[in-house]
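Only one structure is covered here, and it is reproduced in the block below.
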Amino acid sequence: MSCLDIQKATKAQAADIARFIMMAMTDECCLHFCGEGHGLDDFYATMTELAMREDSQYSYLNTLVAVADGRVVGVAVSYDGGRLHELRRTFIAEAKMRLGKDHSGMDDETQSGELYLDSLAVLPEYRRNGIAKRLLKATKLKADLMGLPCVGLLVDKGNPAGESLYNSVGFRYVNDSEWGGHPMKHLQW
């Protein structure tokens, strides 16, 4: 791997951002957001549109990218938890229009007072090189620069490797949670 750079994403990287968000979510979760007759390609198109917008929780403006070997090899999508409902409106509207499913009753996954790390993913062939840790540290710096006291996230209770990664940089358990029908742990750093 050549030099790795962590930088703010650009609108031109929206398709990459969408791909990484889907990687972080898993296919099963992505399909959960699709209505009858819609699949992963439809979800990818929707997420690409959301990543291009400035008023979406998945916006390129909320994304840090890890670039190596001339391409995006990892992303961290995070936003002010106090803006969840405002930013989620765009996802709800796009999902109704493009995916035929209403998600207006979704559980809150974050709250005011934290920079919420929504999605973190690294290409499989680049894993175990410290890229995720660098993205996490850059996200913590982003929280500090925004004046938010911590970074928060939800990790699936069935993902001990993910929890171990988060703990290794300083995240600590806050409480149990549930999101999308999955038992989760709320961690903060």
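Please read these numbers as outputs of a predicted model, since none were measured by experiment.
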*Under a 4.0 Å N-O cut-off, is there an ion pair linking E178 with K185?*
no
*Applying side chain to side chain contact (heavy atoms under 4.5 Å, CB included) between V65 and each of T10, D5, V72, report the one that passes.*
V72
*Would you confirm whether D108, through its side chain, and T110, through its main-chain N or O, come within 3.5 Å as a donor-acceptor pair?*
no
*asked:* Using modelled atom types and a 3.5 Å cut-off, is there a donor and acceptor pairing between side-chain atoms of S59 and backbone atoms of D55?
replied: no
_So, taking the atom named CD1 in I92 and the one named OG in S104, what distance separates them when rounded to the nearest 0.5 Å?_
5.5 Å
*Does F171 reach the side chain of L136, with side-chain heavy atoms less than 4.5 Å apart?*
yes
*Can D176 and K157 be said to form a side chain to side chain contact (heavy atoms under 4.5 Å, CB included), step by step?*
CA-CA 9 Å; D176 288 333; K157 286 186 177 183; 3.2 Å; yes
*asked:* Keeping S168 on the side-chain end and L165 on the backbone end, is there a donor-acceptor pair under 3.5 Å?
replied: yes
*Would you say the side chain of F20 lies within less than 4.5 Å of the side chain of V122, judging by non-hydrogen atoms?*
no
*Minimum heavy-atom separation for R172 to N167, with atom names?*
NH1-O, 3.3 Å
_Just verifying a value: how many Å separate I17 CD1 and K11 NZ, rounded to the nearest 0.5 Å?_
11.5 Å
_Charged N-O contact under 4.0 Å between D16 and R19_ = yes
*What is the distance from atom CD of E163 to atom CG of L187, rounded to the nearest 0.5 Å?*
5.5 Å
*Could you check Y126 against D69 for side chain to side chain donor-acceptor pair (under 3.5 Å), going step by step and ending with a plain yes or no?*
CA-CA 11 Å; Y126 285 85; D69 303 324; 2.5 Å; yes
*Is there side-chain contact between R127 and P124, with heavy atoms separated by less than 4.5 Å?*
yes
_N/O donor-acceptor pair under 3.5 Å between N129 side chain and I131 backbone_ = no
*So, Y79 side chain and G82 main chain: donor-acceptor pair closer than 3.5 Å or not?*
no
*In Å, rounded to the nearest 0.5 Å, how long is the span from CE of M47 to SG of C30?*
7.5 Å
*Please step through side chain to side chain donor-acceptor pair (under 3.5 Å) for the pair H85 and Q57, ending with a clear verdict.*
CA-CA 9 Å; H85 295 149; Q57 66 200 92; over 6 Å; no
*Looking at L4 and V73, what are the two nearest heavy atoms and their distance?*
CD1-CG2, 4.1 Å
*Should L153 and L141 be regarded as members of a common hydrophobic cluster, given that ILVMFWY residues are connected when their side-chain heavy atoms come within less than 4.5 Å of each other, either directly or indirectly?*
no
*Between the side chain of K142 and the main-chain N/O of S78, is any donor-acceptor distance below 3.5 Å?*
yes
*Are F91 and L40 connected, step by step, through hydrophobic side chains (Ile, Leu, Val, Met, Phe, Trp, Tyr) whose heavy atoms are closer than 4.5 Å?*
yes
*Just one of M97, R98, H38 clears the side chain to side chain contact (heavy atoms under 4.5 Å, CB included) bar with T46, so which one?*
R98
*M23 and A121: which non-hydrogen atoms are nearest, and at how many Å?*
SD-CB, 4.1 Å
*Any chance you could measure L99, atom CG, to K101, atom NZ, to the nearest 0.5 Å?*
9.5 Å
*Which pair of heavy atoms, one from Q188 and one from G152, lies closest together, and at what distance?*
CG-CA, 4.1 Å
*Is E109 close to R88 at the side-chain level, that is, under 4.5 Å between some pair of heavy atoms?*
yes
*Would you sort out whether H103 and F33 count as a ring pair (Phe, Tyr, Trp, His ring centres under 6.0 Å), showing the intermediate values?*
CA-CA 8 Å; H103 293 289; F33 288 109; 4.9 Å; yes
_I'd like to know whether M146 forms a side chain to side chain contact (heavy atoms under 4.5 Å, CB included) with D80, so could you lay out the CA-CA distance, the side-chain angles of the two residues, the decisive distance to 0.1 Å, and finally the verdict._
CA-CA 9 Å; M146 292 174 69; D80 181 341; 4.1 Å; yes
*Spell out, yes or no, whether L123 and L135 are grouped together once hydrophobic residues are joined by side-chain heavy atoms under 4.5 Å, including indirect joins.*
yes
*Connected via hydrophobic side-chain network under 4.5 Å: V169 and Y173*: yes
*Could you tell me whether R71 and E125 make a salt bridge, using a distance below 4.0 angstrom between a side-chain N and a carboxylate O?*
yes
_Quick check: do W189 and C150 have side-chain heavy atoms less than 4.5 Å from each other?_
no
*Nearest-0.5 Å distance, OG of residue S112 to CZ of residue R83*: 11.5 Å
*Where do S119 and I21 come nearest, in terms of heavy atoms and distance?*
OG-CG2, 3.8 Å
_Co-membership, hydrophobic cluster, residues V77 and M106, 4.5 Å side-chain_ = yes
*Is there side-chain contact between Y58 and D118, with heavy atoms separated by less than 4.5 Å?*
yes
*Would you say the side chain of Q7 lies within less than 4.5 Å of the side chain of V67, judging by non-hydrogen atoms?*
yes
*Nearest heavy-atom neighbours spanning T48 and A14*: O-CB, 3.8 Å
*Is there side-chain contact between V155 and M184, with heavy atoms separated by less than 4.5 Å?*
no
*Give a yes or no answer on whether the side chain of R53 reaches the backbone of T90 with a donor-acceptor pair at less than 3.5 Å.*
no
*asked:* side chain to side chain donor-acceptor pair (under 3.5 Å) for Q13 and Y60? Distances and angles first, verdict last.
replied: CA-CA 7 Å; Q13 293 166 324; Y60 70 95; over 6 Å; no
